[in-house]
Student: 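This is the structure, below, for whatever I ask next.
Order of the sequence lines sets the chain letters (A, B, ...), proteins ahead of strands, with each chain counted from 1. Quick caveat: nothing in here was measured; it's all calculated off a predicted structure. Worth knowing before you read on, the calculation uses all heavy atoms, side chains too, and leaves out hydrogens, waters and symmetry mates.
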2 protein chains.
Amino acid sequence: MKTIADIAVAAGVSKSTVSRVLNHRPGVNPQARARIQAIIDESHFTANMAAKNLKARHSDMVGVIVPLMTSKSVASFIHGMSAELESQHIQMLLMNTGMSTEKASDYVKILNSKGVDGMIVLVAGYDQQLIETLGGSQSPVVVVGQDLSMHQIPSVFYDDYRCGYMAGQQLLEQGCKRLLFLGISPMDVALGRQRRRGFEDALSMAGVQCHYVSDCVLFAESGMEKTRQVLAQGYIPDGIFGVTDRIAAGAAKAMTQAGIIPGQQVAIIGVGDDELCELLTPPLASVHYDHSEVGRQAAQVLFEAITGRTTERYAHIHQGHFHWRASCQLSES
Amino acid sequence: MKTIADIAVAAGVSKSTVSRVLNHRPGVNPQARARIQAIIDESHFTANMAAKNLKARHSDMVGVIVPLMTSKSVASFIHGMSAELESQHIQMLLMNTGMSTEKASDYVKILNSKGVDGMIVLVAGYDQQLIETLGGSQSPVVVVGQDLSMHQIPSVFYDDYRCGYMAGQQLLEQGCKRLLFLGISPMDVALGRQRRRGFEDALSMAGVQCHYVSDCVLFAESGMEKTRQVLAQGYIPDGIFGVTDRIAAGAAKAMTQAGIIPGQQVAIIGVGDDELCELLTPPLASVHYDHSEVGRQAAQVLFEAITGRTTERYAHIHQGHFHWRASCQLSES
DNA sequence: TTGTACGCGTTATCAT
DNA sequence: ATGATAACGCGTACAA
């Protein structure tokens with residue numbers, strides 16, 4: 001591993017001069033500059049970032065903590081974010097919690113010690129511990145997916161209440177009378193609680209009945225299983241809202257297998273507008289969110305926090321819109 | 001930002017002692033150790049990794065370069081890999097090329113300057129330039145998805161030839177007579193060339209006709225569009241092999257829309273065994289690969305390279321197996 | 001224009 | 001058991 005000292009002796013100059021060339025600073029004899037540059041190139045020299053960072057006291061890296069990689073929405077979020085980071089020549093240190101909030105706390109500490117310039121945390125379910133860790137972070141933090149603005153933590157999140165409300169409205173408009181809500185744990189405030197609240201409120205005036213399930217997990221398998229259980233209990237819904245596309249897709253599958261046809265005898269809505277929605281039969285109606293855009297926005301909010309432009313604004317809400325597809329109808333054929 | 005020097009004065013000891021406590025080294029008075037540890041804890045001290053790395057000459061980070069995030073297989077690959085890396089307390093610096101091979105080359109250099117201990121590169125399509133860059137990397141490189149072992153680059157890749165061969169065999173067994181191959185650019189040796197070769201060879205004895213398309217891209221939309229074009233030309237296949245699930249799913253959709261029913265009038269096979277296979281109607285037969293396992297393996301191969309255990313073995317092939325589902329049959333009903 | 005000398009925070013060596 | 005000191009590789013005042 002070469003150092004600038006090596007280059008310096010090879011070129012017969014001092015380290016300072018090499019450093020100046022490396023960083024394109026003025027004050028170097030053009031010929032000397034060319035000569036030194038040539039030596040740098042041919043010797044495959046690359047500056048040691050650890051030393052650079054130690055001196056500069058920043059790392060040009062941001063940490064990203066996600067709960068799960070194997071999800072399309074997380075993937076496109078990262079995609080959008082990485083594009084934005086790349087434009088600022090910032091690298092991304094990625095960590096995967098596997099849905100564990102304790103691990104998330106650990107990672108925040110590790111990232112801090114790594115000296116990241118900031119971090120973006122996708123949070124799915126939080127507790128007091130995590131909030132404290134996030135609040136106590138040395139480097140700026142932006143959370144995504146939950147609203148933690150009341151703790152003075154910049155948050156980019158989705159209009160989950162409105163999402164649930166829209167879904168409820170849509171199902172009512174289709175004339176559904178016996179609804180099924182497939183949600184996840186209330187530990188997840190956004191998906192678990194807000195979407196349910198919105199859904200409940202949409203229904204509150206209408207006086208239709210609804211069966212609530214709140215212990216799905218984020219896999220299609222789960223939506224399928226829970227739906228089967230509900231059917232086995234003798235509750236036959238004619239309208240289903242799954243808080244994610246995969247849960248909704250699982251429910252659709254279960255209904256189909258039970259001989260109740262989605263888009264005819266039961267209306268179904270998911271959330272996420274995943275690519276698979278279009279491929280299903282019938283295509284799955286869904287609330288669309290531009291996760292890639294959210295990723296960009298999160299990166300931008302983080303930049304503001306890093307560069308210290310004091311932002312009064314902690315809450316950055318992201319609107320979704322309903323994408324109608326054939327799964328969301330009832331026909332008496 | 002606190003340093004061990006700060007802790008040292010606060011505890012009334014020297015930096016050395018603090019360092020010893022920090023690294024759980026022997027040779028410290030138990031009482032002193034406890035006292036110092038207490039101060040460390042309460043002052044939210046975290047060691048500066050840049051300084052640590054500078055001294056230790058390694059970063060506990062590996063770089064990961066992927067062509068695209070928004071793909072399930074890449075996501076689960078990263079998932080498996082991150083689990084393995086995590087177990088070794090190694091962090092992951094992730095970069096996204098957006099399918100550009102030049103960018104991949106740039107990233108290799110950036111990662112080297114970041115001082116990563118090694119890197120894992122998912123390559124989809126390569127040229128001479130990239131091979132040279134990979135070969136000239138300061139830190140060990142493992143490539144995934146293509147076989148570059150002939151260039152003395154450790155490679156973890158799939159049995160793509162056999163994959164194509166299996167798909168061809170299956171379609172022949174179903175009695176298909178007019179086949180359609182939906183592939184991608186031969187730039188991608190694995191998916192583009194090997195899968196096609198295997199497919200061709202499986203067909204070679206049988207004397208059935210086959211229409212080859214080799215310019216799909218990795219989206220469902222693409223498979224759908226190409227299939228429509230083929231149909232418009234008057235070629236009506238009764239067997240389709242799409243080199244990825246998404247391409248195959250798109251093809252299935254196009255066929256369905258044309259009134260030709262998959263699983264009855266046309267047999268269809270994809271590759272990847274994506275979660276969506278099970279959700280489609282009919283469920284999509286697919287060649288299954290455990291990407292998560294490949295991720296683990298890639299990480300392990302990299303560890304060996306990093307720790308210098310000289311491996312003679314550059315090629316690590318990964319076997320897939322055919323997962324039959326209802327899309328892969330023809331019935332005369 | 002160029003070189004010298006010091007500091008960034010940590011660990012390792014060698015004294016004490 | 002503890003402390004002083006010298007590296008690690010780079011940038012940068014400051015001196016020449």
Student: Looking at residues at least two apart in the chain, or sitting in another chain, which of them share a ring-ring contact (aromatic ring centres under 6.0 Å, His included) with A/Y289?
Tutor: A/Y158

Student: Does B/S59 offer a backbone N or O that forms a donor-acceptor pair with the side chain of B/D117 under 3.5 Å?
Tutor: yes

Student: Kindly determine whether A/T97 and A/D106 satisfy side chain to side chain contact (heavy atoms under 4.5 Å, CB included), including the steps that lead there.
Tutor: CA-CA 9 Å; A/T97 67; A/D106 292 345; over 6 Å; no

Student: Starting at CD of B/Q129, measure out to CG of B/L134 and round the result to the nearest 0.5 Å.
Tutor: 9.5 Å

Student: Let me have a per-nucleotide readout for nucleotides 3-10 of chain D, 5' to 3', with B, S or -, counting only protein heavy atoms under 4.0 Å.
Tutor: BBB-BBBB

Student: Looking at NE2 of B/H89 and CG of B/D60, how far apart are the two atoms once the value is rounded to the nearest 0.5 Å?
Tutor: 9.5 Å

Student: Output the rounded distance in Å from CZ (A/R25) to C1' (D/dG11).
Tutor: 8 Å

Student: Mind checking which nucleotides bracket the chain A contacts on DNA chain C, 5' to 3', with an atom under 4.0 Å from a heavy atom?
Tutor: C/dT1 to C/dG9

Student: Just how large is the angle between the end axes of the helix from C/dT1-D/dA16 to C/dT16-D/dA1, five pairs per end, to 10 degrees?
Tutor: 40°

Student: Only pairs at least two apart or in different chains count here, so list each side chain to side chain donor-acceptor pair (under 3.5 Å) that has a residue in residues 26-39 of chain A.
Tutor: A/Q37-A/D41

Student: Taking the side chain as C-beta and beyond, is there a heavy-atom pair between B/M69 and A/M69 under 4.5 Å?
Tutor: yes

Student: A/R296: which residues meet the salt bridge (charged side-chain N to carboxylate O under 4.0 Å, His left out) condition with it, sequence neighbours left out?
Tutor: A/E84

Student: Distance only, no hydrogens: is a donor on one side chain within 3.5 Å (strictly under) of an acceptor on the other, for B/T46 and A/S113?
Tutor: no

Student: B/S292 and B/D290: side-chain donor and acceptor closer than 3.5 Å?
Tutor: no

